[in-house]
Structures are given as structure tokens and as C-alpha cells.
Amino acid sequence: MNYEILPNGLSVPKIGFGCWKIGGEHSADPSLDGWSLAALRSALELGYTHFDTAETYAKGHSEELTGQAVRESGIDRESLLITSKVTPAHLGYQSVLDACAGSLRRLQMDYLDIYLIHWPAPNMPLEDTFRAFNQLVEEEKVRHIGVSNFSVEQLQRSQALCATPIVTNQVPYSLGDRSYVKNGMLAYCQENDILLTAYSPVAQSGMKINPALGSIADAHGATVQQIALAWLVQQKRVITIPMSGNPKHQADNLAAAGIVLSEAEMQILG
Ligand SMILES: NC(=O)c1ccc[n+]([C@@H]2O[C@H](COP(=O)([O-])OP(=O)(O)OC[C@H]3O[C@@H](n4cnc5c(N)ncnc54)[C@H](OP(=O)(O)O)[C@@H]3O)[C@@H](O)[C@H]2O)c1
């Protein structure tokens with residue numbers, strides 16, 4: 001597995017596992033528990049080590065099931081990276097502390113590796129948010145801080161308030177969605193040693209954009225989804241977190257980090 005290693009020593013696999021739809025979507029759906037736990041179990045067995053969840057995913061049930069699958073796997077917590085996110089409704093000082101405590105309780109873990117602001121909000125009280133974030137890092141409940149869906153300006157404000165380096169901005173990025181290239185975010189992350197965590201990397205819409213995708217996939221004996229992931233992670237400071245409940249797709253996605261695209265192929269896709 002290839003990694004991105006930041007100057008502060010944080011090492012994150014290029015390909016991790018997204019936990020949206022684990023346990024439900026906008027509310028908990030216990031009828032999905034069997035499917036969700038099986039998906040997490042096979043991801044852990046295949047060797048995924050970075051899991052991305054959020055307090056809002058299935059109203060916290062995604063965190064509960066992620067924690068349960070990790071405990072049941074017997075895998076050492078220290079060998080995994082767990083990312084979770086605080087919702088924009090909880091950005092006040094005490095609300096952040098409470099939200100983090102809730103995420104840790106549901107995961108049944110002592111710390112989060114990476115804690116993100118899930119979405120920016122109008123008039124967000126970022127001074128208060130980061131006072132709480134900085135405290136959580138000092139108390140060793142959180143190891144690293146990041147943001148999600150932030151603009152360059154919002155990211156810069158966050159960097160000024162965060163006592164530790166902002167390690168990531170998690171944004172949509174795929175063959176079919178270049179909005180965070182066009183707005184300067186990718187270049188800013190690459191110049192400032194910040195991970196751009198690409199979400200929705202294989203979402204169906206992106207697969208049809210480039211007619212050359214199929215022939216590049218054939219040339220590598222790979223699927224178009226694997227080429228879409230390989231294209232992302234071959235870019236400096238880009239990591240990604242595809243979600244799949246299908247063990248074959250999970251294995252394909254993990255293996256995509258090992259596909260080397262030529263300069264010409266990168267340009268055709270880019
Ligand atoms: N920060 C944010 O605001 C935000 C927003 C959206 C998502 N995210 C994070 O990003 C993660 C991934 O994004 P996403 O779930 O929206 O989209 P995605 O991972 O791009 O796409 C998931 C879909 O693609 C299919 N798929 C995955 N790998 C495949 C493969 N190799 N071949 C064929 N189909 C494949 C899956 O179906 P199968 O199950 O059948 O494989 C599933 O339907 C989420 O789980 C979440 O953790 C964050």
C-alpha cells in the first residue's frame with residue numbers, strides 16, 4: 001500500500017474506506033447491520049487501515065458499527081487510522097467537546113486519529129471551534145485536525161487558528177468532478193503539505209466522462225473504477241476513501257494503489 005507522509009510524521013494510506021451508508025444514511029437502519037458489519041469485516045481483513053466516518057452518518061450508528069467491527073477484528077487500534085467529523089450544528093466550543101465525546105463513546109475508542117469539521121456553515125464560530133479542537137489535541141483525544149468541503153479562504157482561516165498543522169481538506173474529487181482543482185484547492189494543498197482527501201471518487205457519473213477510460217483500463221487489465229482511483233492517488237498529496245459493500249470491489253479498490261499510469265495516460269485522463 002502506498003502512503004502519503006506529512007512533515008509532522010502523519011502517514012496515511014493512499015486508499016482508505018468510506019463509512020457513509022454503514023448503518024444507514026440520514027438515520028440508523030438496524031436492518032442494515034448485518035450487511036454493514038460484513039462490509040467492515042471484509043475491509044479490515046483485506047487490509048484497509050483508514051476508516052472515514054462522521055457523527056451524522058446514520059445518526060452515529062456508522063461510528064457504532066465501525067467501532068464494533070474493529071473490536072471484533074482483534075486488530076490493534078494503533079495500527080488503524082480513524083477519521084470522524086463534527087457536524088456544522090456543533091461548532092461552538094462546548095458543542096465540539098460534547099460531539100467528540102459522543103463520537104468516542106459510540107466508537108468505544110480513546111482517541112480519533114483525525115477529526116474534521118464536516119461542512120462550513122454561515123457565520124461559523126471558528127475561534128471557538130478551534131479552541132475546542134486545540135484542547136482535544138492537548139488532551140490526546142484527537143491526534144490531528146482537518147476540515148471538509150472548505151474553500152481556500154476558509155482553510156487559511158483554519159490554519160491560522162489551529163495550533164497543529166491542518167492535515168486534510170476532504171472534498172469531492174474524481175474524473176467527473178474537478179471543482180476543487182478549478183477553485184485552486186488541489187494546488188494549495190500540494191504547496192502546503194495538506195492532504196486532499198477525495199470523496200465520492202468512483203461515483204457513477206464520473207465513469208462516463210472520458211471515452212479513453214475503457215481502453216486504459218483494458219491495457220492494465222483493470223476496471224474503470226480502479227483506473228479512476230489510480231489516477232487520483234498518483235497525484236501528489238491526494239488520498240481517497242471509496243466505499244463499497246462488495247468484497248470484490250473492496251479488493252479492487254485497494255489494489256488500485258498499485259497501478260502505475262504512464263505520464264501520457266495521466267494526461268489523457270487529466
Ligand atoms: N465529507 C463529505 O462531505 C463527504 C461526502 C460524501 C462522501 N464522503 C466520504 O467518502 C466516502 C466515499 O464516497 P461515496 O460513498 O459518496 O462514493 P464512492 O465511494 O465514489 O462510490 C460508492 C459507490 O460506488 C460503488 N463502487 C465502489 N467501488 C467500486 C468498484 N470497484 N467497482 C464498481 N463499483 C464500485 C459502490 O457500490 P458497491 O457497494 O456495489 O461496490 C457504491 O455504490 C463516503 O463513504 C464517505 O466516507 C464524505
Side-chain angles (χ1 to χ4, degrees), residues 12-26 32 34-43 46 48 50-58 60-63 65-66 81-89 103 107 112-121 146-151 154-155 167-177 179-180 185 195-209 213-214 217 220-233 238-259:
V12 187
K14 281 285 201 177
I15 297 190
F17 190 79
C19 295
W20 166 243
K21 293 197 180 160
I22 291 290
E25 294 193 11
H26 299 290
L32 291 176
W35 175 86
S36 302
L37 285 167
L40 288 162
R41 204 172 294 133
S42 65
L46 285 164
Y48 283 87
H50 178 204
F51 291 81
D52 176 83
T53 183
E55 63 169 333
T56 51
Y57 291 181
H61 196 41
S62 168
E63 292 177 322
L65 293 174
T66 302
L81 289 172
I82 306 293
T83 292
S84 194
K85 316 185 192 80
V86 56
T87 185
S103 289
L107 284 158
L112 295 171
D113 292 279
I114 310 179
Y115 199 31
L116 311 182
I117 298 176
H118 202 151
W119 285 89
V147 294
S148 180
N149 301 297
F150 270 37
S151 66
Q154 290 163 337
L155 176 53
V167 295
T168 190
N169 187 14
Q170 185 179 125
V171 297
Y173 185 30
S174 65
L175 284 172
D177 186 344
S179 46
Y180 280 81
M185 181 57 66
L195 301 176
L196 187 147
T197 304
Y199 73 66
S200 305
V202 295
Q204 216 50 41
S205 58
M207 294 299 110
K208 301 183 187 108
I209 299 294
L213 188 56
H220 285 270
T223 67
V224 291
Q225 288 83 3
Q226 286 182 300
I227 298 301
L229 293 171
W231 172 80
L232 278 172
V233 301
V238 176
I239 65 166
T240 189
I241 45 169
M243 195 288 160
S244 174
N246 177 329
K248 158 83 167 67
H249 292 168
Q250 293 178 349
D252 283 353
N253 294 349
L254 211 47
I259 297 172

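Just follow the structure's listing: the first ligand is 1, and inside any ligand the first atom is 1. When reading the values below, keep in mind they use all heavy atoms of this one structure, side chains included, and skip hydrogens, waters and symmetry mates.
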Find all atoms of ligand 1 within a distance of less than 4.0 Å from any non-hydrogen atom belonging to [X], and give their numbers and elements.
| X | result |
| --- | --- |
| G18 | 11 (C), 44 (C), 45 (O), 47 (O) |
| H118 | 1 (N), 2 (C), 3 (O) |
| A203 | 20 (O) |
| C19 | 45 (O), 47 (O) |
| G245 | 39 (O) |
| P201 | 18 (P), 19 (O), 20 (O) |
| Q170 | 1 (N), 2 (C), 4 (C), 8 (N), 9 (C), 48 (C) |
| V202 | 18 (P), 20 (O), 21 (O), 24 (O), 26 (N), 27 (C), 28 (N) |

Note, [X] side chain near [Y] side chain (heavy atom, < 4.5 Å):
| X | Y | answer |
| --- | --- | --- |
| S103 | V86 | no |
| N246 | D252 | no |
| V202 | H249 | no |
| Q154 | I117 | no |

Short side-chain donor-acceptor distance under 3.5 Å, S179 and D177: yes
Side chains of T168 and T197, donor plus acceptor under 3.5 Å: yes
N or O contact, K85 vs ligand 1, cut-off under 3.5 Å: no
If you measure every N or O of W35 against every N or O of ligand 1, does any of those distances drop under 3.5 Å? no
Quick check on W119 - does any of its heavy atoms sit under 4.0 Å from an atom of ligand 1? yes
Determine whether the side chain, the backbone, both or neither of [X] has a heavy atom under 4.0 Å from any heavy atom of ligand 1.
| X | value |
| --- | --- |
| S200 | both |
| N253 | side chain |
| Q225 | side chain |
| T223 | neither |

Heavy atom to atom 19 (O) of ligand 1, shortest distance: which of H249, Q226, M243, K21 holds it? M243
Can you name the nearest heavy-atom pair linking [X] to [Y], along with the distance?
| X | Y | answer |
| --- | --- | --- |
| G16 | P242 | O-CD, 3.3 Å |
| T53 | K85 | O-NZ, 3.0 Å |
| I22 | A39 | CD1-CB, 4.2 Å |

On the 0 to 90° scale, with breaks at 30° and 60°, tag the F17-F51 ring pair as parallel, tilted or perpendicular. tilted
